[in-house]
Amino acid sequence: MSLTEVKLSNLVQKQVKYKLQSYLGVFSSLMATQVLAMIFSAGGYGSSTTGTGGVDISVHLYAGNLIIIFTLVWAFASAIQLTTKGYRYEDFTFVTNRLSSNLSNIIFLLAMCFIGGLTVMMSSTFLRLIGLFIFQDNVIGFLVPLDEWMIGVLSTSLYLFLIASIGYLVGMLGQIHKIFYFIIIGLSLFILYQGLDILSKIYVFFAEESSLFIFAAKVFSVSAILLLAAVLISNRLEVSK
Amino acid sequence: MIVITSILFYAAIGFVIFLLFRRNTTLKPKKMNYYGMNRTKILLFIYGTVLLAGTILYFVFPFKIKDELVLNSDEVNQIIQEQNKVFDEIYEGKVEELNHLRKDSWEFPLSGNKLQISGDDLDFIIAVEKKENDGVLEVIHYMPRSYTSGTDITNYLPKPNIQLNGSNLIIDLQYIELEFAKMEKEITINQFTEDSWDDSDMSIGINMGALLLRIPENVNLNNPDIHIIE
């Protein structure tokens with residue numbers, strides 16, 4: 001029994017600080033993912049070539065869409081990794097309980113996703129620079145203004161957080177029993193091949209929302225449910241393991 | 001649905017790559033260099049610095065970009081109508097309706113009363129209109145707007161090479177190769193701004209235009225398949 005009472009907020013704060021400084025692998029894999037996506041997109045993430053009437057036209061499309069998709073995968077996989085034994089046991093460096101561990105993980109996920117969103121937009125900008133230098137006078141389209149760039153950072157971070165929340169829940173389920181990974185993969189394949197209706201509804205719910213504020217509300221609400229479920233599962237994990 | 005499928009496709013590739021490059025991230029004592037930083041930190045610092053420098057350069061440097069050539073779906077539909085209309089108007093001799101189009105014209109003095117039209121690729125609609133006997137052959141090329149990948153490329157398309165050799169009018173296309181970079185906004189920006197994702201962005205509508213020949217009334221054309229405006 002300790003005479004010193006540790007405040008939860010202080011504990012969470014220390015754990016978040018510790019995780020941000022020590023989980024460098026998460027950020028080095030973010031860098032590797034984005035560099036790889038940039039290499040794949042260096043000649044344009046898509047292109048169209050047309051030949052008609054004596055004219056051959058090639059249009060190379062430049063935007064960070066591939067970087068976004070790759071980074072979403074990174075967020076999902078990194079969130080799963082956070083739930084693995086290696087990471088969970090690191091929390092015992094501190095006086096800890098499941099709640100503080102989960103809270104610090106969630107705050108870390110938020111920070112991680114914001115860094116992810118910021119670097120997605122920065123690497124997309126870098127990709128545009130490559131296109132501008134290669135094609136110089138033959139560049140058409142839009143230069144993204146700063147205000148829209150900021151929207152990009154926020155919305156990408158929100159998407160990353162949503163996917164990371166799913167990853168965190170999947171990871172926690174996987175910690176109960178590995179069979180859950182197979183069930184989730186099977187379920188995903190079933191949805192994909194038996195008709196994309198559910199997927200389309202989810203897509204419409206998030207991707208066709210044109211108000212950033214409402215979109216943020218949707219993401220935080222759904223993420224809160226997913227993360228709460230993950231926390232409840234982790235409590236069960238404590239009893240069972 | 002195409003968007004979902006392509007996202008899932010790329011996500012699957014990304015996931016496989018992530019698994020291949022995944023590093024063991026549990027804590028281990030790290031080798032420090034002279035400055036007390038490990039290699040990962042140095043790499044992350046360099047990456048962040050390069051991205052930051054690139055972002056500052058992008059917003060500070062006045063890059064030239066042709067944003068006026070980007071078309072929305074309404075403008076693309078308008079061009080499709082314009083392209084269809086040009087044939088009808090020329091066939092019916094209503095050329096005054098086409099004055100707003102890009103127009104190139106040639107004049108050749110014509111001796112004799114015969115004319116033969118030839119060329120290696122007559123990918124044009126050619127119509128002939130008779131006019132007074134002034135001994136001058138007029139060739140007018142009407143070019144409707146063309147687009148590809150949501151971009152107006154009309155002004156990049158060449159006018160045809162037209163030469164009169166005796167009584168032989170030679171019409172040839174100029175062969176050109178064009179290569180563009182098109183800067184687009186990311187899907188996560190498009191969702192919250194006015195320029196929404198549009199599948200028609202990838203459609204192509206290139207039209208090399210139509211030629212109108214105005215020949216003196218006494219000149220006979222040796223090409224029976226060419227339409228003569230009554």
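Quick caveat, the model's predicted, so the values are computed rather than measured. Letters go in sequence order (proteins before strands), and every chain restarts at 1.
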Inset, instruction - For each of A:Leu158, A:Thr156, A:Leu127, tally heavy-atom pairs with chain B at distances under 4.5 Å, and name the one with the top tally. - result: A:Thr156

Inset, instruction - Would you indicate whether the side-chain heavy atoms of A:Leu129 and B:Phe63 approach each other to under 4.5 Å? - result: yes

Legend entry - Under-4.0 Å salt bridge between A:Arg128 and B:Glu186: yes

Legend entry - Interface moiety of B:Ile153 toward chain A, non-hydrogen atoms closer than 4.5 Å: side chain

Inset, instruction - Locate the shortest heavy-atom distance separating A:Ile68 from B:Ile187; write the atom from each residue and the value. - result: CD1-CG1, 4.2 Å

Inset, instruction - Please report the C-alpha distance between B:Thr40 and A:Ser28 in whole Å, then the side-chain angles of each, then the deciding distance to 0.1 Å, and finally whether the side chain to side chain donor-acceptor pair (under 3.5 Å) criterion is met. - result: CA-CA 7 Å; B:Thr40 313; A:Ser28 61; 5.5 Å; no

Inset, instruction - Report yes if some heavy atom in the side chain of A:Ser123 is under 4.5 Å from a heavy atom in the side chain of B:Tyr47; otherwise report no. - result: yes

Inset, instruction - Could you tell me which of B:Lys66, B:Glu177, B:Lys64 has the largest number of non-hydrogen atom pairs under 4.5 Å with chain A? - result: B:Lys66

Inset, instruction - Taking the side chain as every heavy atom from C-beta outward, state whether A:Val55 and B:Pro158 have any atom pair closer than 4.5 Å. - result: yes

Legend entry - Pairs where residues 205-219 of chain A contributes a residue and the test side chain to side chain donor-acceptor pair (under 3.5 Å) is met, not counting sequence neighbours: A:Glu209-A:Lys218

Legend entry - Rounded distance (nearest 0.5 Å) linking atom CD1 of B:Ile189 with atom CD1 of A:Ile151: 8.0 Å

Inset, instruction - Taking A:Asp56 for its side chain and B:Ile176 for its backbone only, find out whether a donor-acceptor pair lies under 3.5 Å. - result: no

Legend entry - Heavy-atom pair count under 4.5 Å with chain B, highest-scoring of A:Thr84, A:Ile134, A:Val59: A:Val59

Legend entry - B:Thr55 versus A:Thr125, side-chain donor and acceptor atoms under 3.5 Å: no

Quick one: side chains of residues 135-146 of chain A, donor-acceptor pairs under 3.5 Å with protein atoms, not counting sequence neighbours, listed by atom name and distance.
{"residue": "A:Gln136", "atom": "NE2", "partner": "A:Phe133", "partner atom": "O", "Å": "3.4"}
{"residue": "A:Asn138", "atom": "ND2", "partner": "B:Glu179", "partner atom": "O", "Å": "3.4"}

Inset, instruction - Please look at A:Met150 and chain B and tell me whether the side chain, the backbone, both or neither of the residue comes under 4.5 angstrom of a heavy atom of that chain. - result: neither

Legend entry - Polar side-chain atom of B:Gln191 near backbone of A:Ser155 as donor-acceptor pair, under 3.5 Å: no

Legend entry - Smallest separation among heavy atoms of B:Ala181 and A:Gly131, with atom names: CB-O, 4.4 Å

Legend entry - Side-chain heavy atoms of B:Tyr58 within contact of A:Phe126, under 4.5 Å: no

Legend entry - Contact origin within B:Ile65 toward chain A - heavy atom pairs under 4.5 Å: both

Legend entry - Within 6.0 angstrom of A:Phe182 CZ, more than 12 heavy atoms from elsewhere: no

Legend entry - Atom pair CG/CE of B:Leu44 and A:Met31 - distance to nearest 0.5 Å: 5.5 Å

Legend entry - Rounded distance (nearest 0.5 Å) linking atom OG1 of B:Thr193 with atom CD of A:Glu148: 5.0 Å

Inset, instruction - State the CG-OG1 distance between B:Leu178 and A:Thr49, to the nearest 0.5 angstrom. - result: 11.5 Å

